[in-house]
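A note on names: the letters A, B, ... follow the listed sequences, proteins ahead of strands, and every chain is numbered from 1. Values in this document were obtained by computation on a predicted structure and should not be read as measured data.
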Protein chains: 2
Amino acid sequence: MDQTGRLRLSEARRRVTIRDLARDLDLSITTISRALNGHDDVGEATRTRIKERAEALGYRPNRNAQRLVTQRTHSLGWIQSSDDEKILDPHFVEVMGGVLHTAREKHYDIVMTGEASESQILAYDRYVRDNSVDGFIIDLPMPGDARIDFLLEHNVPFVVHGRTERHGEYSWVDIDNAGIFYRLTHLLVANGHRHIAFINGDERFTFAAQRRLGVRHALRDLGLPRETVTIHASRHPMGLTGQNLTKQALADTRITAIVYSSVLMAIEGQATLSELGRVAGQNICVATMDDQLHYIDASQYEGKFTFARSSLREAGKLIASTLMSLCERPETPIRTLVPYHFFVGNDLDLSKVDADIMKPSTQIPPYEPV
Amino acid sequence: MDQTGRLRLSEARRRVTIRDLARDLDLSITTISRALNGHDDVGEATRTRIKERAEALGYRPNRNAQRLVTQRTHSLGWIQSSDDEKILDPHFVEVMGGVLHTAREKHYDIVMTGEASESQILAYDRYVRDNSVDGFIIDLPMPGDARIDFLLEHNVPFVVHGRTERHGEYSWVDIDNAGIFYRLTHLLVANGHRHIAFINGDERFTFAAQRRLGVRHALRDLGLPRETVTIHASRHPMGLTGQNLTKQALADTRITAIVYSSVLMAIEGQATLSELGRVAGQNICVATMDDQLHYIDASQYEGKFTFARSSLREAGKLIASTLMSLCERPETPIRTLVPYHFFVGNDLDLSKVDADIMKPSTQIPPYEPV
DNA sequence: CACGCAGGCTAAAACGTTTCGGACAATCCG
DNA sequence: CGGATTGTCCGAAACGTTTTAGCCTGCGTG
């Protein structure tokens, strides 16, 4: 019994430490460390000797020891709501793919937690005080988002996917939500559509609120009544909402064009359209934001749909790289607009609208408070 | 310049350590530590005094110091493929929700990385050797999965969401994929369907392969030819596959029933069905696995569809709790079957099939090698 | 020849915990 | 009343790194 116990202990070979390596090479711990970390006060011959031996013995620095002494974790925190207020949806997955990709390149980890939204702030506080992470990713901001206030106040590095009214004070990655839908509205109106349905996302979040704003501003600038576009907002990015809201929208038979907030809903809506005998690109005009979700091949709808296309995965990559450089040397906020492009369906004519309006402005458009 | 620099440094108040707390309370570091960790060799009076003061000063143990000395990280690793072989899809998100929820309850973190699949094993190796995590979650296993071989060989705690041919040797959480589709097939056949289309998931993964097996075994036991069910496999869990494969399946006009592997595809397929003038529950029978994705309210289709319902989020919770208890005291493998229930549509009669067949077996059904 | 300097290496302190072994009183028991 | 026991507390070592400050040796220079 005791024997087997001991046996098992000896079997579980101890991980090789820097001390083992030092003994093996008959060098000091200091030299090993400095060689492996690329300092220039170690001879080239010794360095390669150390590197080879480290590889051979399978030495990996204990990350917790490193973190303890350097006070840097090389981890990025990402706190999810565990209740229903914010929903883990397919778009999130796409962003995550990009984040993981770029974080990995620079040997950063993503540490995730779910947390009820009423105790979220506490979670951020905890994570920063117990040295768990170097910085945070903030997803799906709402107007007046308390997380942003907190992190700003405590001077913790973070980057927001999206913008709020304090967008001047922190780093973010975003698309020009207002601008995209402003231009989309212009495009539809220029092509004669006067009864448009807009199936928006959850307007408690700034991204959706900005889209509504873009539509409204377009109508204002065109001198058209607000009723030109009827807006249907949904809390759920997919599932049956695409069908249900399409049905609801088309209850108004004057509708000639539908704008979707997500290609997922646009595709779901197809079921309802065909039930009603409508065919996209023929007797109903369909436009949608296309986030390039990589398991959906929207190319099948090219020509039939009009797309405003921007890669969410790319946004994820930018979020990660922004946050990492922020963690390495905190500087002034880094703000990035992810580019987008229009792919106009066959039933619309781009030349009917002023080219200046459709051109994405190169400068960063301001966030417009709701 | 130097002044402001100093100012800023002093502004960034140092985090409070256990030593600060000890000095403040005029107690030893040891006592603080033992009081906070619930050891019984500290007086109740002192303990509450310590706890209160710790709370007041906002003391949080440095997790990296803890991890260094205890050799336990309280982190679970979850490594994603960053290439396209495995796809981050909405089902993944659902599992993740459950995992995050339960991990959080026990103060565990999830650390994620993306890694190209050809170097995956190296990533696992790295994470365990540099003390990053205590154990791993393995997702979407394939037959002969190399990750499982590796972790088994190196004696690292892990739990698999799904099963492979080595299911006897490790911990897993799974549903009875084969059994569910075995029973579903029986149900359809008993109700007179002789031309059934099965739209399966990606059959490189064991979950989908087991489903196909369930169908095949049902046909064998029923003495029906294999052609009774035509199987269409898809690499993508959603997007346009639901529509495309439905179209492909119904090219055979004799088809009277469609079985979907995911409610997402079933819903997408509705577009195609209505195009073809088919109505679920009336002139076409629709059955589907329902993973209870929480942003999809499938109840709308109750009565019209037949569901085999099992909660993926529940699976996620079980995965987390299994892995955590495995990390705390490695013991014999823990195997868990997530329950499921049938919800039969109005166009099917449950009583036509032998009750014994439809009853989920209480014992764990063996994994059947492909 | 003395001096300064650069290159290559190292000892020791530090990071912030947990835990082992023991110390010191007070209490109990025969 | 003395020894064992129990209840609280503590000092010091340990976890595995990085970094600071400094030590040699050899070499070029005035």
Restricting to nitrogen or oxygen on both sides, can you table the protein-nucleotides 12-14 of chain D pairs closer than 3.5 Å?
residue	atom	partner	partner atom	Å
dA12(D)	N6	Thr30(B)	OG1	3.3

His74(A) atom NE2 is separated from dT18(D) atom P, nearest whole Å, by 11 Å

- At under 4.0 Å, does any side-chain N or O of Gln71(A) touch on OP1 or OP2 of dG16(C)? yes

**OP:** May I ask you to decide whether Asp109(B) forms a salt bridge with Arg104(B), counting only side-chain N to carboxylate O separations under 4.0 Å?
**Re:** no

Separation of dT17(D) atom P from Asp130(B) atom CG, nearest Å, is 10 Å

Contact check, residues 33-44 of chain B vs DNA chain C, heavy-atom distance under 4.0 Å, returns Ser33(B), Arg34(B), Asn37(B), His39(B)

*Kindly indicate, with the supporting measurements, whether the criterion side chain to side chain donor-acceptor pair (under 3.5 Å) is fulfilled by Thr164(A) and Tyr170(A).*
CA-CA 10 Å; Thr164(A) 63; Tyr170(A) 57 80; 2.7 Å; yes

Quiz item: Can you find a heavy atom in the side chain of Phe150(B) that is under 4.5 Å from one in the side chain of Val156(B)?
Solution: no

Quiz item: Are Glu115(A) and Arg126(A) within salt-bridge range, i.e. N to O under 4.0 Å?
Solution: yes

Leu25(B) CG to dT8(D) P, in whole Å, measures 17 Å

- So, do Cys327(A) and Leu76(A) sit near enough that their side-chain heavy atoms are less than 4.5 Å apart? yes

Whole-Å distance, Leu68(A) CG to dT19(D) C1', equals 13 Å

Note: Pro141(B) and Ile148(B) closest approach over all heavy atoms is CB-CD1, 4.4 Å

Pro61(B) has its side chain closest, among dT17(C), dT17(D), dC9(D), to dT17(C)

Closest to the side chain of Ile18(B), out of dT18(C), dT17(D), dA11(C), is dT18(C)

Using the salt bridge (Lys or Arg N to Asp or Glu O under 4.0 Å) rule, take Asp125(A) and Arg129(A) through it: C-alpha gap first, then chi angles, then the decisive distance, then the call.
CA-CA 6 Å; Asp125(A) 192 34; Arg129(A) 280 221 311 275; 2.5 Å; yes

Rounded to whole Å, the CZ-P distance (Arg15(A) to dT17(D)) equals 11 Å

Rounded to whole Å, the CG-P distance (Leu21(A) to dG16(D)) equals 14 Å

Salt-bridge contact Arg166(A)-Asp145(A) (side-chain N to carboxylate O under 4.0 Å): no

* Taking only N and O in the side chain of Thr46(A), is any of them less than 4.0 Å away from OP1 or OP2 of dC9(C)? -> yes

**Request:** Establish, with yes or no, whether the OP1 or OP2 oxygen of dC15(C) is under 4.0 angstrom from a side-chain nitrogen or oxygen of Gln66(A).
**Result:** no

* To do: Please tell me if the side chains of Tyr59(B) and Arg15(B) come closer than 4.5 Å, counting only heavy atoms from C-beta onward.
  => no

> So what does Arg72(A) hit on the nucleic acid, given a heavy-atom distance under 4.0 Å: a base, only sugar-phosphate, or nothing?
Replying inline: nothing

When all nucleic acid strands are considered with a 4.0 Å heavy-atom cut-off, which category describes Arg47(A): base, sugar-phosphate, or nothing?
nothing

Considering only heavy atoms from C-beta outward, does the side chain of Phe158(A) approach that of Tyr124(A) to under 4.5 Å?
no

Rounded to whole Å, CZ of Arg129(A) lies from P of dG16(C) at a distance of 15 Å

When you measure from the side-chain N and O atoms of Thr31(B) to the phosphate of dC10(D), is any distance below 4.0 Å, counting only OP1 and OP2?
yes

Here the distance between atom C1' of dT17(C) and atom CG of Asn131(B), to the nearest Å, is 15 Å

